[in-house]
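These notes are about the structure you will find just below.
The analysis underlying the following values was restricted to heavy atoms, covering all of them including side chains, and did not include hydrogens, waters or symmetry mates. Here is how names work: the chains are called A, B, and so on, in the same order as the sequence lines, proteins then strands, and each is numbered from 1.
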Amino acid sequence: MEGLGFYGFGALTLLGALLMVTSRNPLHGVLWLVVSFLGLSGLFGGLGAHFLAAIQILVYAGAILVLFLFVIMLLNLRPDDVERMPTFSLRGGVGGFLVGVVGFCAVVGSVVMGTGAFAKPVAGLPPLEAGAADVAIPLFSTALLPFEVVSLLLLAAIVGSVALTKRRLP
Amino acid sequence: MGPELAPFAWAILFAPLAAAGVAGLLVRRRRGLAAAVAVSGMAVGLLCTLYLLARSLGAGEGEPTGFVHNVDWIRAGAFTARFGVVADRLSLLMALVVTGVGTPIFVYSIGYMHGDEGYGRFFACLSLFAFSMLGIVLSTNLLQTFVFWELVGLSSYLLIGFWFGKDSAVEAGKKAFMVNRVGDFGFLTGIILLCWSAASLPSFAGRNPLDFADLAAFYRAGGYEELAKASPHLLGLPVPALAALLVFCGAVGKSAQFPLHVWLPDAMEGPTPVSALMHAATMVAAGVYMICRVFFLFEPFPEALHAVAWIGGLTAFMAATIALVQTDIKKVLAYSTLSQLGYMVMAVGLAGATAGMFHLTTHAFFKALLFLCSGSVIHACHSQEITEMGGLRKAMPSTFWTWIIGTAALVAVPGTAGFFSKDEILAAAAHGEHASLPLLVVGLVTAGLTAFYMLRCTALTFFGEYRGHGHPHESPAVMTLPLWFLAVPALLVGWLGFPLLFHGHPWFQGEFGITGVKVHEGPHEFHLPLALVGTAFAAAGGILGWMVFGARRIDAAAWKERLLPLHTLLSRKYFLDEFYLWLVRTVQQGIAECSDFFEQNVLIRGVVDGLSAAVKASGRALRELQTGSIHTYVRFALAGSVLVVAWVILSAARGGNG
Amino acid sequence: MTPLLAALPPVTVQHYLLLSGLLFAVGLVGVLFRRNIIIVLMCLELMLSAANLAFVAFSRVHGNLQGQVMVFFSIAVAAAEAAVALSIIIALYRARGGVDVEDAAEMKG
Amino acid sequence: MEPVRFLGLSPLSWVVAIPALTTLGILFTPSAAKNAVRRIALAGMTLTFGIAIWILVQAAGDVGLDASARVLPRLAQKVEWVRELGISWNVGADGMGAAMVFLTSIVIFAGVLVSWSVEDRTKEFYLSLIALVTGVFGVFVSRDLFWFYFSYELAVIPMYLLIGIWGSTNKEYASMKLTLYLTTGAVCALVGLLMVYFRAWAFLKTPYPSFDLDYILMARDAGAFDATWRGMDFQVFAFPFLLFGFGAIAPMWPLHTWSPMGHAAAPSAASMLHAGVLMKLGSFAILRIAVPALPEGAVWWMPVVAVLCMFNILYGGLVAIAQKDMKFIVGYSSSSHMGYVLLGIASMTSLGINGAIFLMFAHGVMTALAFALIGFFYDQTHVRTIPDLGGMSHQIPFIGTAFVFMSMASAGVPGFANFASEVMVMFGAWQGGLKWQAVVAVLGIVPTGVYLLRAVKGAFFGPRNPRWDGLRDAVTPFQRLPFLFLISVLLLFGFWPRLLTDVIGESADELAGLLARAGGG
């Protein structure tokens, strides 16, 4: 069951991500990202982070991506016909190479550091179920200060967005 | 006579300064008052000098004939510079010369400067000069001498360039100041060298290394040998001898000795009373006076004395030859002054201080007289060229007769002041301790030349037909009275030194002044044969001069043609001015321009602007990275994270291995 | 189904990390090569999510909630970022009539 | 020892507080009330001048007294500010400090009077001027390294504004260059200061570090700076940071090029302060901090200074000869004269250091006079280059006469304070074994004379030039006051140098003794 969850949701997430990146129409892109995030939410659930799984759907897939959709429709963006994925170019080659290096490093890194608990099957780890109440405890105790700071940040973001999008009178 | 009389000595010094301050700052615009203040300042100096002189002459047996009074001027660490007055026989004699010649010249200036715009300023500067000069005279130590030495230079600069609207006058003042500064460079170096070489000796402890009296006492006790031994030879000379020669540099500058004599003839650009006071009687004599004061520095070192004597002799001869062809009456007198100063310096180098001092005293009177006469002539003719004068004998009788007296004294007609002093110098060259035949010849030839150019000048000015414009007239009494006032000492002052007359007086015996200048070691007699030879040379020169220019038996123009290269050499003053001009215009200016070029191009444009350009260029290069494209930034971020990851992995790997 | 699953190796935390890395790489490629600024922004969100996945995985390994708390903050910051970025996009669109990132190069030095 | 306080502050604190209050007063005066601004500035500076005289008199009275009977130590004041960093408001004075405070008050007093004619943004001008001088006073009285550095920077920044706004001739370039030079120097010095600060703390192991100079000196006596640091003698390593950092403002060759340019571009009063006191901050800081904190480093590095100062003296003089702009002549002459100051310090003798401090004073007054005079005629002629000027003494005799006085003072003619101090430096140099440098210093009087006489002749002498017929001379006593004031100060201390040398003497003795011990051990 564990394996089914990981591979199923993992495939969904990866597929959604790939389709989002390659989509010409940003509208489609958003929808594919929603798919990807749904998969991600499943993965969270599989790891016992039930609260985050819910948040991922509610806030990310629900609120943020809807905001994207809203903006795209507001701007009435059409599928971009000039833009295309580069087939091959020097820049693309260098970039792809760098990405490959990063990926390689990440893999090698995880292998090198992947000793002990990292190599054990997840199913064998002690169970961890984190509902809203469980996450709330550290959030409002040890992490209270960052929490407040983040709330300030959100406030600033609101003010900033309003200021940026406000139409200036001629 | 003791320090209780110090207020009088201080008064000699500061009365002229006070007068300068009052005349220059407070009453500059009230002409009569300014002049009166200046003259009375000088008169106070003269009276105090006479009083102290009287007290000194009247000092009883065993009683000191002088005193010293000092205050500390600068104290820093172990160093003390003092400021004081010395009233010994030497300084009083010199003070008498300065105030005695100065007072009539001040009076004369009232008439001469009449109507000049800067009347008050003139008297302020003149008083400042008197202060400076008296400061040298009354100084008790080397540094104080240097202080007033420079001040004399300053007042000379101000007075030569008095008519600051005239470019030539300003240039002459500048030249005087700068040439003197070159000499002063040597002087101050010498003072510093002497000061610290002496102070470093343990046996010198407790004395002040700048003080004349302390140094002289140290030398007299044989300290110079210790000094010479304590330090290695510098430039091939023992250190004390080198110090003496460096100090002599100061005198070379101020007393206009070769090769620093070039400023003196140019200094005639100043008003005539200035020429008379400074450039004949006092300032230029300061060098000679100073050597007399520190004669103890030279005494133990014959090589130093020889250098002094030869420089004097060379100056005497060279200046006399240049005077032969000058046509400006003041220039003739200026070169004559140079020549006489050379005599004095030669005398000091040959025999010792007294002969030089004696000639200084007599010369001060008769040369000041001659200058004032020339001023009177210039005042009358509105010209300084003797080619535009002539026949003034009838128009200006007072001036003529006083001029004749002065000329007689200068030419050394027996019985006049110059005769005795010049005789003493010749005697020193012939019989003295450091007698030298070549210098005796130089002295005799110069005596002949002196007579020649003076007779030439007299003949062209006062005899023959008047060749100028307008009607010359006798000067007012305020100018002629000082002439007569000076004519008396010009005739008579020489008798003071006549060995047969006053030699017996104790005042003239023993050590003369605090630094122990010796007077007449052993019986110094009047040398009749030498006096006759000297007079013969003078007479020959005089007769020749009269034949050419007075009686016109010899054709001057023809001889000029015949000796044209020589004439050119002389009238161009041996091309020394050209040489110095080249030195200043080309060498000094060249070095300055090079430095400036280095400053502007290498330092500023090269290093400084180069650095700033490098910073700017690196900024410009880095700016290229700022493409404004998000993609570029992401790539950089990526590259950075790759590096970080790589570093983490590599260090982890290394940590794992070791 | 079961035999197929059994044939696969058991799921470890490394698997999650590998998946996180792949997601991150996909997002990075999008940021690097897409010119539509909205897509770029979405790719950024994807990269953030990839990091979130890793955090949750670590949380699981260590058996505490530190990682999840971090993800919570990360989502909040992502929300703020998205809001501001979209506002900027709107302003940019108004000014230039397009959303191509290469057009907005005013900051070029 | 009863501390001397007036309204709770020591007179030394007042010396800083009054200019600071004056700037506040000017700040709250309307810009249109130009005369009010001027009067406030004058009143404040007159008061400061009075206090400075009082301090100098106390310092003179202290000479030769027992430590317990002295007034000067009773003026010290220390108020803690930030304990954790060891910053406190800490002022104190010795003879050297008293002399420098006196100098600053003289120059700013004259500067305020000379700037009376500034009409363009008068309020801001006086604001910058007095802010600058607040910093300068702060440096001279501070015994806390933090405030010292703070004041040092405070003195530099207004100069940027003064030159940049009210200057002339290439003012942007000059002000930028000056500020960059001086702040770079200051940062370099800051590195040295922090090295000393942390090392003292690490050695003494007190709970908190301290910027107090006495703390640093205590650490020095305890041997905090004796050990080696990465294989180098710490003192030898740290001293050049302070030396060259402060030397840039001194200005030591070849770091001098900001100075003539800055002089030339600055308005009169700013030039006066700049050359009169700002340049002295460098040598003062070397004597106040670098040498006492790191005497062995000083002994190691002073021969280098002794070589550099020869360049200052001769090279500066020669470059001055080649200049045509009057302000550049005086500017390079300043750099030449500062060579004498550095030489005096490098001699490491009491006589030389005393002469150096005295010369800082004398040169400050003299050069202030020079720039005041040049500014006076430049405001009317708008020309400063020699071939264009000439013959102005016919029209403005008072300024011409004052200029001759100034030149003579600068040329080291006796009777002016400059002579006495330069002679002290020359004698001190020889005494300290720097014989060639002493000869060079004496030789330096020749080019000095050349360029000054050339300047006098070029500007004031020569035939009457009708072009200058419209020039106004300083005729009213109020116009003449600053010039007469500065000349009288020069003459007073020139005739009687002991008024100042005795006061400075003990500071100089102390420094020389310290260096002698450091050299011997």
Side-chain angles (χ1 to χ4, degrees), chain B residues 24 71-79 81 118 121 132 143 146-151 153-154 157-158 161 164-167 169-171 173-174 177-178 180-182 184-189 191-193 195-196 199 584 588-589 591-600 603-604 607-608 612, chain D residues 177 180-181 254 257-258 261 315 318-323 332 349-351 354-355 391 393-394 400-401 404 408 411-415 419-420 423-424 426-428 430-431 435 438-439 442-443 445-447 449-450 453-454 456-457 460-464 496-498 501-502 504-505 508-509 512:
Chain B
V71 290
D72 285 355
W73 193 53
I74 300 176
R75 279 194 307 216
F79 175 85
R121 183 162 58 91
S132 318
L143 190 64
F146 184 78
V147 164
F148 287 101
W149 204 253
E150 286 268 298
L151 279 178
L154 166 70
Y157 166 74
L158 293 174
F164 58 80
K166 228 167 88 185
D167 270 331
V170 178
E171 279 299 333
K174 218 170 98 179
F177 193 80
M178 287 323 301
N180 270 303
R181 277 239 139 162
V182 173
D184 292 352
F185 159 64
F187 191 12
L188 188 54
T189 312
I191 294 176
I192 295 178
L193 174 64
C195 168
W196 292 123
V584 170
Q588 176 207 292
Q589 194 65 21
I591 296 174
E593 297 287 346
C594 281
S595 307
D596 191 46
F597 182 83
F598 179 81
E599 171 86 7
Q600 304 302 334
L603 267 189
I604 295 184
V607 179
V608 177
S612 96
Chain D
K177 185 171 177 178
L180 286 178
Y181 247 102
T257 62
W258 61 274
M261 183 124 248
Y315 173 87
L318 285 169
V319 176
I321 291 179
Q323 301 304 311
Y332 278 106
T349 57
S350 173
L351 175 60
N354 197 335
S393 263
H394 295 278
T401 311
V404 172
M408 290 306 145
V413 167
F419 169 80
V423 161
M424 286 168 76
M426 292 164 189
F427 274 86
W430 190 291
Q431 192 189 15
K435 297 187 181 171
V439 174
V442 180
L443 185 61
I445 64 174
V446 176
V450 172
L453 294 192
R454 180 171 295 185
V456 171
K457 173 175 183 283
F460 289 98
F461 291 168
R464 187 187 185 96
W496 202 230
R498 269 182 62 194
T501 54
D502 282 4
I504 302 168
D509 285 347

- prompt: So what's closer than 4.5 Å to chain D heavy atoms on B/Val71: side chain, backbone, both or neither?
  reply: side chain
message: Quick check on B/Val608 against chain D: is it the side chain, the backbone, both or neither that has a heavy atom closer than 4.5 Å?
response: side chain
message: Could you report the tightest heavy-atom contact between B/Gln589 and D/Ala322, atom names first, then the distance?
response: NE2-CA, 4.5 Å
message: Can you confirm whether more than 12 heavy atoms, excluding those of D/Lys435, are under 6.0 Å from its NZ atom?
response: no
query: Measuring from B/Phe79:CZ to D/Gln431:CD, what's the distance to the nearest 0.5 Å?
result: 8.5 Å
- prompt: Measuring heavy-atom distances to chain D, does B/Phe598 have an atom under 4.5 Å in its side chain, in its backbone, in both, or in neither?
  reply: both
- request: Select one option (side chain, backbone, both, neither) describing which atoms of D/Met261 are under 4.5 Å from chain B's heavy atoms.
  value: neither
query: Of the backbone (N, CA, C, O) and the side chain (C-beta and beyond), which part of B/Glu599 lies under 4.5 Å from a heavy atom of chain D, both, or neither?
result: both
field: Note, D/Asn354 side chain near B/Arg75 side chain (heavy atom, < 4.5 Å)
entry: no
message: Quick check for you: among D/Asp502, D/Asp509, D/Leu180, which has the greatest number of heavy-atom pairs under 4.5 Å with chain B?
response: D/Asp502
message: I'd like to know which of D/Met408, D/Lys177, D/His394, D/Met424 tops the heavy-atom pair count under 4.5 Å against chain B.
response: D/His394
field: Point-to-point distance, once rounded to the nearest 0.5 Å, from CD of B/Gln600 to CD of D/Gln323
entry: 6.0 Å
query: Looking only at atom types and distance, does a side-chain atom of D/Arg464 sit under 3.5 Å from a main-chain N or O of B/Gly165, one as donor and one as acceptor?
result: no
message: So which residue, D/Ile445, D/Ile321, D/Val404, D/Val423, ends up with the most heavy-atom pairs under 4.5 Å with chain B?
response: D/Ile445
message: Please classify the contact of D/Ala508 with chain B as side chain, backbone, both or neither, using a heavy-atom distance under 4.5 Å.
response: neither
- line: Across all chains, not counting sequence neighbours, the side-chain contact (heavy atoms from CB on, under 4.5 Å) partners of B/Arg121 are B/Cys125, B/Phe162, B/Phe164
query: Between B/Tyr157 and D/Val456, does a side-chain contact (heavy atoms from CB on, under 4.5 Å) hold up when you go through it step by step?
result: CA-CA 12 Å; B/Tyr157 166 74; D/Val456 171; 3.8 Å; yes
- request: Measure the CD-CG distance between B/Glu593 and D/Leu318 for me, rounded to the nearest 0.5 Å.
  value: 11.0 Å
field: Toward chain D, the part of B/Leu158 with a non-hydrogen atom under 4.5 Å
entry: side chain
message: With a 4.5 Å cut-off on side-chain heavy atoms, are B/Phe177 and D/Val413 touching?
response: yes
Heavy-atom proximity to chain B below 4.5 Å, by part of D/Phe427: both
- prompt: Which bit of D/Ala411 comes within less than 4.5 Å of chain B, counting heavy atoms only: side chain, backbone, both or neither?
  reply: both
field: Contacting moiety of D/Met426, where chain B heavy atoms sit under 4.5 Å
entry: both
pair D/Trp258-B/Ile604: side-chain heavy atoms closer than 4.5 Å: no
message: Less than 4.5 Å to any heavy atom of chain D: does that hold for the side chain of B/Leu154, its backbone, both, or neither?
response: side chain
message: Within this structure, what is the CG-CG distance for the pair D/Leu443 and B/Leu188, rounded to the nearest 0.5 Å?
response: 11.0 Å
Side-chain touch B/Val607/D/Pro254, heavy atoms, less than 4.5 angstrom: no
- prompt: Counting heavy-atom pairs under 4.5 Å to chain B, which of D/Gly505, D/Gly462, D/Ser350, D/Ala512 comes out on top?
  reply: D/Gly462
- prompt: Side-chain contact, heavy-atom cut-off 4.5 Å: D/Phe461 with B/Glu171?
  reply: no
query: So do the side chains of B/Leu603 and D/Tyr315 get within less than 4.5 Å of each other, counting heavy atoms only?
result: yes
- prompt: Residues two or more places apart in sequence or in another chain: which of them pass side-chain hydrogen bond (donor to acceptor under 3.5 Å, both in side chains) with D/Thr349?
  reply: D/Ser347
- prompt: Which one, B/Trp149, B/Phe148, B/Phe185, B/Trp196, leads in non-hydrogen pairs under 4.5 Å with chain D?
  reply: B/Trp196
